[in-house]
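Keep in mind that the numbers below use all heavy atoms, side chains included, and drop hydrogens, waters and symmetry copies.
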Amino acid sequence: MPTAAAPIISSVQKLVLYETRARYFLVGSNHAETKYRVLKIDRTEPKDLVIIDDRHVYTQQEVRELLGRLDLGNRTKMGQKGSSGLFRAVSAFGVVGFVRFLEGYYIVLITKRRKMADIGGHAIYKIEDTNMIYIPNDSVRITHPDEARYLRIFQNVDLSSNFYFSYSYDLSHSLQYNLTVLRMPLEMLKSETTQTRQESFDIFEDEGLITQGGSGVFGICSEPYMKYVWNGELLDIIKNAVHRDWLLYIIHGFCGQSKLLIYGRPVYVTLIARRSSKFAGTRFLKRGANCEGDVANEVETEQILCDASVMSFTAGSYSSYVQVRGSVPLYWSQDISTMMPKPPITLDQADPFAHVAALHFDQMLQRFGSPIIILNLVKEREKRKHERILSEELVAAVMYLNQFLPPEHTIIYIPWDMAKYTKSKLCNVLDRLNVIAESVVKKTGFFVNRPDSYCSILRPDEKWNELGGCVIPTGRLQTGVLRTNCVDCLDRTNTAQFMVGKCALAYQLYSLGLIDKPNLQFDTDAVRLFEELYEDHGDTLSLQYGGSQLVHRVKTYRKIAPWTQHSKDIMQTLSRYYSNAFSDADRQDSINLFLGVFHPTEGKPHLWELPTDFYLHHKNTMRLLPTRRSYTYWWTPEVIKHLPLPYDEVICAANLKKLIVKKFHKYEEEIDIHNEFFRPYELSSFDDTFCLAMTSSARDFMPKTVGIDPSPFTVRKPDETGKSVLGNKSNRDEAVLQRKTAASAPPPPSEEAASSSSEDDSGTDREEEGSVSQRSTPVKMADSGDSAKVTENVVQPMKEVYGINLSDGLLEEDLSIYTRFVQLGQSQHRQDKSSQQLYSRCPDGVIKFIFSRITKSLNTHLSFLTRQHL
């Protein structure tokens, strides 16, 4: 009897494309090169795709013989040894898909990959390079004048930028879903195995199991969640014609992994962001929702915590927490033709019965369960009604939908004007966010695949007993999700998600018995590592949707960002504005073509001739849709029955049909993750073995001084972190340069002055309280007993720090340059004082004025530093 279940590892991980005049032969093998499959692609059809998969598993010897016969049979003259009839075209690691414009089909292959993360031995790869190959032979090719333009538009989607895949781990689903499937009862798996064998075309499926007396392991493969798959349209044409191992689904978003070292015990912190492929696009061109309830800039972010000392999914400890961001689910848009930094918000259609919002929240209830918590961060107090339009409509929609839901499953709505709190001198933004995060995590809970540790009984905590979610014998399940939004869902949203993730991370560490209380403080190595992950995550998502990196970061809201950050924020705002005004339209066309939203057709308008893509994304404008849902019973009946559990994770007949279950030998390569990860059959090189350069809390954040507590949960001083130690020459030179620049530089601009015209900036209307000046981090004074140690570590020779020895005296040339620089600084102070008065009178010219002053100041400082260096 099988005793366990394991995910099925794809047997097509290495590919070689061979070419003849009449066919392409795509030979795929597993990593050990013991099992091979062959695809035959016809090249004589000018516009049709003809693929033949014989579904036979070859050995290495059989493949060599097959290729030898093909080479011999395709030579121009029989028996000629000088020429070859079979050419090796390209080597690859997977098939992205097949696409056709106006001529024949292309095949898109992954030619370079890079390992980005490891979850339970399952590798996650990032696409580094791809190759597009035209399939039909030149002799049958029918040329079209617009083919090259479509090809350029398609290739504008850079597949080497933040596209990820895995051969054995389903990236489109959460860790909770993937491990819930593996814990299915064995009786269910037996019935599914019988059904799969009856419906399958693979005649070799259970070969050899009888000789083992039926002993084996169940292998499980689930259908991907197509909402987060970006090459689904490219694989759709071959989905039913080839074996499932040829289908490699990719996601778009972000993937990062760091190592938290707790007294030598490695814990991996992984952050995965899945961007929705439905209603996808760029910032101002995709707002709100479409007619099917899919919203713009919808991203599902999952943080995974795993004990790296044990690799197996069944024996290891794993925990995850999921949250979502997405545009406000209404029909709304912004017109960018006015060339304004903040175009007015327009409600395009009246929706009194919240039909679009109902479809959107029904999807969320099905995937995440209840409660659905909305954290709305848009502005509520404005002189000119702008963002408040969305808040009023969203409140009305939620109130309407809630009156028909059962009281225990209603949608929770939390409005909070984050921009207003940022400007206030009396309020701390992150403290307020921490309170919201605690209440959210207590309601939703989190996922962990282990029962509560004995340490929670030895060291009981009040907050742990109030934790929500669903407690099961094998651990805990997250029920419900937090949905965060502002207008763009970029800067403010990323900070709010970081605070919620930080709170959830404390609970995850506590559940695995790694900390004694579910609480994490700022300025610890663990939180710094997590903050760096979230900043990379926010920058990546902001570049994909908004065209620039984050404008405001966590340090900005903590008010500890260096004053030079304000000039960077302005540059990011200008970059975002340029991208939105000039390049977003081309990016939108590329996304529409890549995702199959637009299909080029002979005799119909081309993609670049369409005045708008509104009709492509709203299908109800092109044809009559089925009958609308009830205005009162707006949910799917099956979903509401199983709440608070998500319907997608409930064991029922509909969900069992989405699984592929197969029996394997105990040591079969397709389910042996140990062999897949360690690969004892091959000669390993250091470059391949250590290709994953992971950020480590001990190496990158922990201070290097002797006698420091190595715990990543100890609060450090700002100058104690591993990334700012003066022992590093480049860091030391950079620190010296900053000290010289800041010595006589003008005071940094206030936060309000440095804020940009981006929607996610803190600078709102001037009716609120005055701006808060930049504050430095309070430094905890060292004890008297530690003063000698601090002096020994910090104080360095004057020559090494400043480059000169002041006791030797100064040259006359240096003294004159210094005097001139001081005079420039004093005059700059006077100009800044006068500019502040002008700023209060003329708020419309803030960006232009500050940018010119900062540029002038930086040029002055740089010229002085260059002279001194020379």
Determine whether Gln366 and Asp648 make a side-chain contact, defined as any pair of heavy atoms from C-beta on separated by less than 4.5 Å.
yes
Heavy atoms of Glu380 and Pro415 approach each other most closely as OE2-CB, 3.2 Å
Query - Asn297 side chain to Arg275 side chain, donor-acceptor N/O pair below 3.5 angstrom - result: yes
Report yes or no: is the cationic atom of Arg476 (NZ for Lys, CZ for Arg) closer than 6.0 Å to the six-membered ring centre of Phe447, at no more than 45° off its axis?
no
Checklist entry - With a 4.0 Å cut-off, would you call Asp348 and Arg287 a salt bridge? => result no
* Please work out whether the ring planes of Tyr225 and His173 are parallel, tilted or perpendicular, with thresholds of 30° and 60°. => tilted
When rounded to the nearest 0.5 Å, the distance separating CZ of Arg388 from CG of Leu390 is 11.5 Å
| said: Would you say the rings of Tyr633 and Phe404 are close, in the sense that their centroids are separated by under 6.0 Å? | reply: no
For Tyr413, the side-chain hydrogen bond (donor to acceptor under 3.5 Å, both in side chains) test, sequence neighbours excluded, returns Asn376
Between the CZ atom in Arg629 and the NE2 atom in His355, the distance rounded to the nearest 0.5 Å is 8.0 Å
For this session: Using atom types as modelled and distance alone, determine if a side-chain donor or acceptor of Asn231 lies under 3.5 Å from a backbone N or O of Leu234.
Result: no
The salt bridge (charged side-chain N to carboxylate O under 4.0 Å, His left out) partners of Glu233 (sequence neighbours excluded) come to none
Note: Ile414 and Val440 closest approach over all heavy atoms is CD1-CG2, 4.5 Å
Tested for ring pair (Phe, Tyr, Trp, His ring centres under 6.0 Å) against His252, the lone hit among Tyr228, Phe163, Phe594 is Phe163
Specify whether Trp416 and Tyr421 have parallel, tilted or perpendicular ring planes, treating 30° as the upper limit for parallel and 60° as the lower limit for perpendicular. tilted
- prompt: Between His537 and Asn494, do the side chains contain an N or O donor and an N or O acceptor separated by less than 3.5 Å?
  reply: yes
Glu292 vs Gln363, test: side chain to side chain donor-acceptor pair (under 3.5 Å). Steps then yes/no. CA-CA 10 Å; Glu292 297 179 341; Gln363 290 179 13; over 6 Å; no
For Tyr545 and Arg587 the tightest heavy-atom approach is N-NH2, 4.2 Å
Distance-only side-chain donor-acceptor flag, Gln176 / Glu649, under 3.5 Å: yes
All heavy atoms of Leu377 vs all of Arg492, minimum pair found to be O-NH1, 3.1 Å
Between His618 and Phe279, is the ring centre distance below 6.0 Å? yes
**Asked** What do you reckon, is CE of Met226 surrounded by more than 12 foreign heavy atoms closer than 6.0 Å?
**Response** yes
Residues passing the salt bridge (charged side-chain N to carboxylate O under 4.0 Å, His left out) test with Arg274, sequence neighbours excluded, are Glu300, Glu302
Open item on the list: Is the shortest side-chain heavy-atom distance between Val229 and Ile250 below 4.5 Å?
Closed with: no
Output for pair (Ile591 CD1, Asp586 CG), nearest 0.5 Å, gives 11.0 Å
Distance col, row Ile436:CD1 vs Met418:CE, nearest 0.5 angstrom, shows 9.0 Å
### Message
Determine whether a donor-acceptor pair (N or O, by modelled atom type, separation under 3.5 Å) exists between the side chain of Ser590 and the backbone of Ile153.
### Response
yes
Would you check, one step at a time, whether the test side chain to side chain donor-acceptor pair (under 3.5 Å) holds for His617 with Asn592?
CA-CA 9 Å; His617 291 273; Asn592 290 339; 3.0 Å; yes
Between Pro224 and Asp170 the two heavy atoms that sit nearest each other are CA-OD2, 3.8 Å
Practice item. Walk me through it: do Lys286 and Asp613 pass the test salt bridge (charged side-chain N to carboxylate O under 4.0 Å, His left out)? Key: CA-CA 10 Å; Lys286 284 293 162 283; Asp613 64 350; 2.9 Å; yes
| request: May I ask you to say whether Glu298 pairs ionically with Lys227, meaning some side-chain N is under 4.0 Å from a carboxylate O? | output: yes
* State whether Tyr507 and Lys442 meet the cation-pi test: NZ (Lys) or CZ (Arg) under 6.0 Å from the six-membered ring centroid, and within 45° of the perpendicular axis. => no
ask   = Is there side-chain contact between Asp491 and Cys486, with heavy atoms separated by less than 4.5 Å?
value = no
Indicate whether any N or O donor in one side chain lies under 3.5 Å from an N or O acceptor in the other, for Asp362 and Thr636.
yes
Within-4.5 Å side-chain heavy-atom neighbours: Gln323 and Val500: yes
Taken to the nearest 0.5 Å, the spacing of Asp488 CG from Leu541 CG works out to 13.0 Å
Notebook entry, point to check: Is the closest side-chain donor-acceptor distance between Gln588 and Asp584 under 3.5 Å?
Noted result: no
Using modelled atom types and a 3.5 Å cut-off, is there a donor and acceptor pairing between side-chain atoms of Ser370 and backbone atoms of Ile372? no
* To do: Show your reasoning for whether salt bridge (charged side-chain N to carboxylate O under 4.0 Å, His left out) applies to Lys463 and Glu438.
  => CA-CA 9 Å; Lys463 296 195 297 183; Glu438 285 282 353; 3.1 Å; yes
Closest heavy-atom pair, Gly326 versus Asn485, reported as atoms and distance to 0.1 Å, is O-CB, 3.1 Å
| request: Kindly indicate whether the side chain of Leu610, heavy atoms from C-beta on, has any atom under 4.5 Å from the side chain of Tyr615. | output: no
ask   = Would a 4.5 Å heavy-atom cut-off, applied to side chains only, mark Glu532 and Glu535 as touching?
value = no
State, with a plain yes or no, whether a side-chain heavy atom of Ile373 is found less than 4.5 Å away from one of Lys443. yes
Should Met364 and Arg483 count as side-chain neighbours, where that means a heavy-atom distance under 4.5 Å? yes
* To do: Report the C-alpha distance between Glu392 and Lys385 in whole Å, list the side-chain angles of each, state the deciding distance to 0.1 Å, and finish with yes or no for salt bridge (charged side-chain N to carboxylate O under 4.0 Å, His left out).
  => CA-CA 11 Å; Glu392 293 172 353; Lys385 200 173 180 181; 2.9 Å; yes
